[in-house]
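Working notes for the structure below.
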Amino acid sequence: MSRIDRRFAALKATHRTGLIPFVTAGDPSPQHMVALMHALVDAGADLIELGVPFSDPMADGPVIQHASERAIAKGVGLNEVLAWVAAFRQLDTDTPIVLMGYLNSVEIHGYARFAQEAVQAGVDGLLLVDCPLEESAVLRPLRDAGLQQILLAAPTTAPARMAQLCGSAEGFLYYVSFAGITGAAHLSTGDIAARVADIRAHAKAPVAVGFGIRDAASAKAIAGFADAVVIGSALVERLAGATDAEEIAVRVRAFLTPIRTALDAH
Amino acid sequence: MNKIVDFNAFPDAYGRFGNYGGSYVAETLMAPLAELTEAYLRLREDPAFIAELDHDLKHYVGRPSPIYHAERLSQHVGGARILFKREDLNHTGAHKINNTVGQALVAKRMGKPRIIAETGAGQHGVASATVAARLGLKCVVYMGAVDIERQKINVYRMKLLGAEVVPVTSGSKTLKDALNEAMRDWVTNVTDTFYIIGTVAGPHPYPLMVRDFNAIVGREARAQMLEEYGRLPDVLTACVGGGSNAIGLFHAFLNDADVRIVGAEAAGEGIATGHHAASLAAGRPGVLHGNRTYVLCDDNGQITETHSISAGLDYPGVGPEHAFLKDVGRAEYVGITDDEAMEAFHLLARQEGILAALESSHAVAQAIKLAREMPKDGIVLCNLSGRGDKDVHTIAAREGVQV
């Protein structure tokens, strides 16, 4: 059983909704990245999504675009991201880590090399925004090495394709709550609830919902029908500009604690 | 090449040209792309659609465009005959209209009331705004802030045509970023919006569809060559940014194994300086903007900023079919520097009375290089893809002239 599977099994056993914060690797500060990851766990994260900065993030809104640009300007690439995961693993062997990003980063690094280095560092899964199921044959070396490929489903996904995604999902299935880019804010929980209920009935894996969740209220609204919620842009925005480990930890706690509380009160 | 390839067999059903192409997009776009593919594959066989397209190309665009023997230029160079396919004579002044007329008709048939487009030099933006005005569709054009500055005339033309021009300030503020932003718009407005991509890049079916709409350039040129010269040219050349005018000229000749094909990329200040946009000559296979192709990027996979005097060639990727043609050895891709393009621009203006677009001036420079090495009875056919009116301010500024 993978670390991701174990974590979702534990959540299910305790009837809790998972909290998955997303941060852009290297932002706000490359020096304090490992401290940030530990702070996320201390504030209640069940799984960490680590964004691999890419120069052309087509699916991301301005907040994550700018965070990526800041990280790239500081020289952050896959080597740094993998080193931070390895450092994090020295103190935390339980919290699953999923790298989220775009295919070109892995393609240029080399699939076989990435697979070996990512497993060695302690990465559990990979969510490549621009690599749909149809194109994922290139990821075979990653799957063979034990990395789980996290698939996305969207409101526009047609029924036959949704069945295919549900059948192929591993780790968890990431449901994009609306057609748009990350960080946009027009969440319609009624529509999402029906769709997610349908997916959960068919998917082999748990379902996490992301895009548009910004605070305790929106997280709680989703918690009623999802196995986990993903919060990215709002957190990245909150962390921007923080310069030391203490300030980062304070901001993480201030942001995530009410969300954790709301999810657990559900 | 060591085996015979039928180039008409590409792309396959997944939009792949050998190892290149495909659909590398966010899940939200998979459904609209499937819808578009289904609609387009049906329309390209539909006699009523084809008739409407042919009618518009003839009466609105002004096709066919002639091939023109540049006699004084050829004599000046002192080698083979240089012929130009005069896409600069089309309505709006470039080959880009061939594609936008076609895609706008697809949008109309699909019932999409809003079109979006990205643009670099502004030619595709103008061509999109033009067809949107004609069909009464709302039009939004994304354009990098840097490009807006260097292509002011085209920005104003788009506004006169009723389009909204949205400046893009992320990344390098050029064509690639405009494409990212247009994709973000599309992913947000998938139900009512049709995205008119301006080059043979992007996810399937765009490289196929844009190639099909531009392939009329080569089909006409091939028939004109046979009719007027009784033979095919020895060499074809065209400039390659994304590569739509080039694939448009090349495609009808791909199975003519004796016709040499040379694409001219923007070598900017020289490939060795790193300030260029020569994805095929100096890049490596990667994934950008929905397809696998040659890209300019660093060892972290970050797409690098490009440089060219011509905004339309200032792009770090290239259409996947060109990547395929390079790998199988059917076409060669070489770099032309800013200085070489400028020299060709002036030479063509003085010898033939034609102001070529800076993009097309790269092809003219390559045609001159090729012709110089060939015997007098040889023929170089060069795609003169656009006219240079839009570039006069850029040229004046570069040469220190106040206009």
Side-chain angles (χ1 to χ4, degrees), chain A residues 52-62 65-66 68-69 71-73 75-81 101-110 128-138 151-158 160-162 165 173-176 178-182 184 186 211, chain B residues 13-16 19 21-35 38 168-172 176-191 193 202-204 283-293 295-305 316-317:
Chain A
V52 179
F54 180 52
S55 54
D56 292 75
M58 283 193 310
D60 285 302
Q65 285 173 45
H66 293 142
S68 298
E69 286 175 12
I72 292 167
V76 176
L78 260 183
N79 292 329
E80 287 72 23
V81 178
Y102 294 80
L103 188 58
N104 201 51
S105 308
V106 182
E107 169 116 355
I108 297 300
H109 199 81
L128 292 165
V129 179
D130 58 351
C131 189
L133 198 55
E134 285 79 353
E135 303 292 359
S136 60
V138 291
L151 294 170
L152 291 158
T156 52
T157 304
R161 190 178 158 77
M162 189 65 89
L165 291 173
L173 186 63
Y174 186 131
Y175 183 69
V176 174
F178 59 85
I181 52 178
T182 55
H186 42 86
F211 281 42
Chain B
Y14 292 96
R16 297 192 185 118
N19 293 326
S23 296
Y24 296 88
V25 294
E27 174 62 28
T28 306
L29 289 178
M30 292 303 286
L33 283 170
E35 180 194 1
E38 189 274 324
V168 177
T169 56
S170 55
S172 61
K176 80 175 178 73
D177 310 285
L179 217 150
N180 291 334
E181 208 55 39
M183 281 281 183
R184 292 178 187 123
D185 179 313
W186 196 30
V187 86
T188 307
N189 301 292
V190 284
T191 48
T193 296
H204 182 60
R284 49 180 152 182
V287 176
L288 177 67
H289 293 150
N291 64 98
R292 175 172 282 108
T293 185
V295 299
L296 293 168
C297 69
D298 66 17
D299 290 341
N300 279 324
Q302 311 299 359
I303 304 302
T304 44
E305 294 197 9

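Letters go in sequence order (proteins before strands), and every chain restarts at 1.
To the nearest 0.5 Å, atom OG of residue A:S55 and atom CG of residue B:N300 are 10.0 Å apart. Expressed to the nearest 0.5 Å, how far CD of B:Q302 lies from OG of A:S105 amounts to 6.0 Å. Atoms CD and CG, from A:Q65 and B:N180 in turn, are 7.5 Å apart once rounded to the nearest 0.5 Å. Note that the OG1 atom of A:T182 and the CZ atom of B:R184 stand 8.5 Å from one another [nearest 0.5 Å]. Note: B:L179 CG to A:D56 CG = 9.5 Å, rounded to the nearest 0.5 Å. Interatomic distance, CG of B:L288 versus CZ of A:F54, reported as 6.0 Å (0.5 Å rounding).
At a threshold of 4.5 Å between non-hydrogen side-chain atoms, the residues B:E27 and A:L165 count as touching. Between A:I108 and B:C297, the closest side-chain pair of non-hydrogen atoms falls below 4.5 Å. Looking at heavy atoms from C-beta onward, B:V25 lies out of side-chain contact with A:D130 at the 4.5 angstrom threshold. By the 4.5 Å heavy-atom criterion applied to side chains, B:M30 and A:T157 are not counted as neighbours.
Contact count against chain A (heavy-atom pairs under 4.5 Å) is highest for B:V287 among B:L29, B:T191, B:V287. Ranked by heavy-atom pairs shorter than 4.5 Å toward chain B, the options A:P132, A:G77, A:P53, A:C131 are led by A:P132.
For the pair B:T28 (side chain) and A:A179 (backbone), a donor-acceptor distance under 3.5 Å is absent. Formation of a donor-acceptor pair under 3.5 Å by the A:E135 side chain with backbone atoms of B:G22 is not found in this model.
Listed here is the closest heavy atom pair of A:A59 and B:A26: CB-CB, 4.3 Å.
Note on B:R16 versus A:E134: no salt bridge recorded, every NZ/NE/NH1/NH2 to OD/OE distance being 4.0 Å or above. Between A:E107 and B:R292 there is a salt bridge, since a side-chain N of the basic residue sits under 4.0 Å from a carboxylate O of the acidic one.
Proximity to chain B (any heavy atom under 4.5 Å) is shown, for A:V81, by neither the backbone nor the side chain. With a threshold of 4.5 angstrom between heavy atoms, A:I72 approaches chain B through side-chain atoms but not through N, CA, C or O. Contacts of A:V106 with chain B are absent, with no heavy-atom separation under 4.5 Å from either backbone or side chain. Both the backbone and the side chain of A:P57 come within less than 4.5 Å of a heavy atom of chain B.
More than 12 non-hydrogen atoms from other residues, nucleotides or ligands lie less than 6.0 angstrom from CG of B:D298.
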